[in-house]
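We count residues from 1, following the sequence as given. All values derive from a computational prediction rather than experimental measurement.
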Amino acid sequence: MKKKIISLSIFSMLLFTGYNANSQTVKNKKATAVKSLGSEFDAKIDQLIAQMTLEEKIGMLHGNSMFANGGVKRLGIPELKMADGPLGVREEISRDSWAPAGLTNDFATYYPATGALAATWNADLAHLFGNSVGEELRARDKDMLLSPAINIVRTPLGGRTYEYMSEDPFLNRKIAVPLIVGLQDKDVMACVKHFAANNQETNRDFVDVQMDERTLREIYLPAFQAAVTEAKSYSIMGAYNKFRGEYLCENDYMLNKILRDEWGFKGVVVSDWAAVHSTVKSLKSGLDIEMGTPTTKFNEFFLADRLIAAAKAGEISEAEINIHVKRILNVLFQVKAMGGQNRVKGSIATEVHYQDAYKIASESVVLLKNENNALPLQLNGVESIAVIGNNATKKNALGGFGAGVKTKREVTPLDGLKNRLPASIKINYAEGYLERYEEKKIGKLGDITMNGPVTIDQLDPAKLEEAIEAAKNSDVAIVFAGSNRDYETEASDRRNLKLPFGQEELIQKVLAVNPKTIVVMVGGAPFDIEAIKNKTNALVWSWFNGSEGGNALADVLLGKVNPSGKLPWTMPKNIMDSPAHATNSFPGDKTVNYAEGILVGYRWFDTKNIEPLYPFGYGLSYTTFAFDTAKTNKKEYTTDETITVTVTVKNTGKAEGKEVVQLYASKSDSKIDRAVQELKGFQKVSVKAGNGETITIKIPVKELAYYNVESKKWTVEPGNYTLKLGSSSRDIKKEVVVIIK
């Protein structure tokens, strides 16, 4: 048995070392590990299936409680226990309703939202995130985390933008893969969602997404494909919406032909909750487990009593049902939930995990503007600081319709400043604006429209006066503005880019009485902050940033941490500049056509030469960097080779800092329609003041391929490619030209 346990550990380790490795040796070992594990468990699984009744088999194919399928106790088959998890492990809820179970031992670490994780541009932190959450999941005796969500940010108004990672498929997969590997290394399953083309909350239950094949392959599938082929994800969640006329939980093209036949997926497909619309069709089209909210009992689901009846009527064979049961048993064995294997025990809400959350939060904060050295705050001579805004004290671990976390620690921005500022400095706090909504116009789960919560945007006169007085009577003012998880939420998309609750007026009036005002935005998605950008000397972007978010933010403002976050999406000046809106193809009605095609996010802005408010990949530092001696290892390459790019990053300022070197590829004389440039590599590097670090970015030539619809193959167009190295998509510092034969 010890040898078998070791082989499982090696398998996990190989996944980690192999997710960006080019070593054929590692790949061969990985393949051997997968093959041997499969053959080892196959015999046991077949023996179990032979002993099961039809009813027991079908009990495994649907929810038997809110977050678990049915097990078979007499055969030692446990339930597959799931937990929501974009921000950490969700609190325990009742078995048969959404009501909290009321336990006292289900407090967890609140981790930064995955939008924040993407803003770190740090694959090592993504692996840490997965590892840390995986330990918490195991401590709660769960088998599957319903995360990560890796849908593309198609519109700035998306209600779940904070939970998704990026508008760019390359950044998306380079953060998703190590996260999944780190998570599954702890003997749990990632359930990667929402497969696929689930890019809006508006009409998500039924909207039929139409797009061309090249757009599907180049923009919306790469992260999912990498989750399967590189990270070996054990589970995928089917989305609510339709794709090309078929619901995604019964979409043969997506679930069978692409996911299983093309990509070789061996795991389980789980439906989103109540996303199933048929019995025989959904099962034959590739769904394995139906989950949802019962109106009365769990046996009313499509894959419950109706499936038993269909099997007995000969509409579906028991052999077909066995295929799905076998998949479920296989993943239970893989994560050591069966077979008496030595499984990770886990730990939860530990100081180590809080510090994991801190590390991610501190690298996610984006410095948008910093004139006249307004930041970091110089405290010499400062006796008082005004802290203004509801977001200074707002907690975001819970809120909205998305899954939250019950946590004992959530450090707010005000808490963070109190923790970090000298006791001699007086903090003058004023709420400034009230978070208010029009009655009966708050979004409802199930009543999904793009008309999310209707905010009351008039300032309360007394609150405004209190804020102005605090700003007047303080040496420095910090306004904490932006959004929260009641406003940005699953189940509705935002109405517009406008800051809610009258915040823009508040900020302008505070700036008028105290020019030494720093503005900090807390949110998960872009807002129209151009007027604020033009008035303030310092503008900072933070996120729904976890248990230690306030401490991390305070450390950035005070200079203990040099900000190194970069925007994972484009911030437009106007919503009509964004591609889905410029093409009048959001949100659609019963059908939405992705008319912008492959030109999503910065691809649109850069190709159409539209000036954004802040470009993709943008983020300043308290120091300055220069790029020098950029070169490739040779001039010409064939399609099966790898381009090695080196560049020296020099810290030309006075503080140690981290820079993200971003590599974009461009082909100006292409015979096909292309974006003017596409992200193909990046690396984050820490450089001491006055020093230089030479970094290497490797690009397999195959990364330059486009999807050829006629041949149904990825094709590398020969010719000259310009490799652009910069600190954002609009700040290119060096270029190198290579020739692909």
TODO: Tell me, with the steps shown, if Y354 and Y111 meet ring pair (Phe, Tyr, Trp, His ring centres under 6.0 Å).
DONE: CA-CA 8 Å; Y354 290 136; Y111 291 87; 8.7 Å; no
Task: Derivation of the ring pair (Phe, Tyr, Trp, His ring centres under 6.0 Å) call for W569 and W541 - done: CA-CA 13 Å; W569 31 248; W541 187 276; 5.7 Å; yes
Task: Derivation of the ring pair (Phe, Tyr, Trp, His ring centres under 6.0 Å) call for F170 and W121 - done: CA-CA 11 Å; F170 186 86; W121 290 62; 9.1 Å; no
TODO: Would you sort out whether K533 and Y614 count as a side chain to side chain contact (heavy atoms under 4.5 Å, CB included), showing the intermediate values?
DONE: CA-CA 10 Å; K533 171 200 173 187; Y614 287 109; 3.2 Å; yes
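Taking each heavy atom of V387 and A392 in turn, the nearest pair found is CG1-CB, 3.7 Å. Here the closest non-hydrogen pair linking K654 and T623 is N-OG1, 3.6 Å. Among all heavy-atom pairs drawn from V405 and T109, the shortest one is CG1-O, 3.7 Å.
Taking the ring centroids of Y487 and Y162, they lie at or beyond the 6.0 Å cut-off.
A salt bridge does not link E465 with K472: none of the charged nitrogens is closer than 4.0 Å to a carboxylate oxygen. Salt bridge E363/K684: present, at least one basic N to carboxylate O contact under 4.0 Å. Contact check on K573 versus D528 returns no salt bridge, with no Lys/Arg side-chain nitrogen under 4.0 Å from an Asp/Glu carboxylate oxygen. Salt-bridge annotation for R603 and E167: absent, with no side-chain N of the basic residue lying under 4.0 Å from a carboxylate O of the acidic one. Salt bridge annotation for K395-E410: absent, with no cationic side-chain nitrogen under 4.0 angstrom from a carboxylate oxygen. Salt bridge E435/K394: present, at least one basic N to carboxylate O contact under 4.0 Å. Between E92 and R140 a salt bridge is recorded (basic side-chain N to carboxylate O distance below 4.0 Å).
For the side chain to side chain contact (heavy atoms under 4.5 Å, CB included) with T517, the qualifying choice from I388, V479, V476 is V479, the only one to do so.
Under the rule for a salt bridge (Lys or Arg N to Asp or Glu O under 4.0 Å), the partners of D457 that lie at least two apart in sequence or sit in another chain are K498. D415 pairs by the side-chain hydrogen bond (donor to acceptor under 3.5 Å, both in side chains) definition with T412, not counting sequence neighbours.
A donor-acceptor distance shorter than 3.5 angstrom exists from the side chain of E136 to the backbone of A349, with no hydrogens or angles considered. With D475 contributing its side chain and S384 its backbone, the two residues share a donor-acceptor pair below 3.5 Å.
Sparse packing is recorded around CG of N373, with 12 or fewer heavy atoms of other residues, nucleotides or ligands lying under 6.0 Å away.
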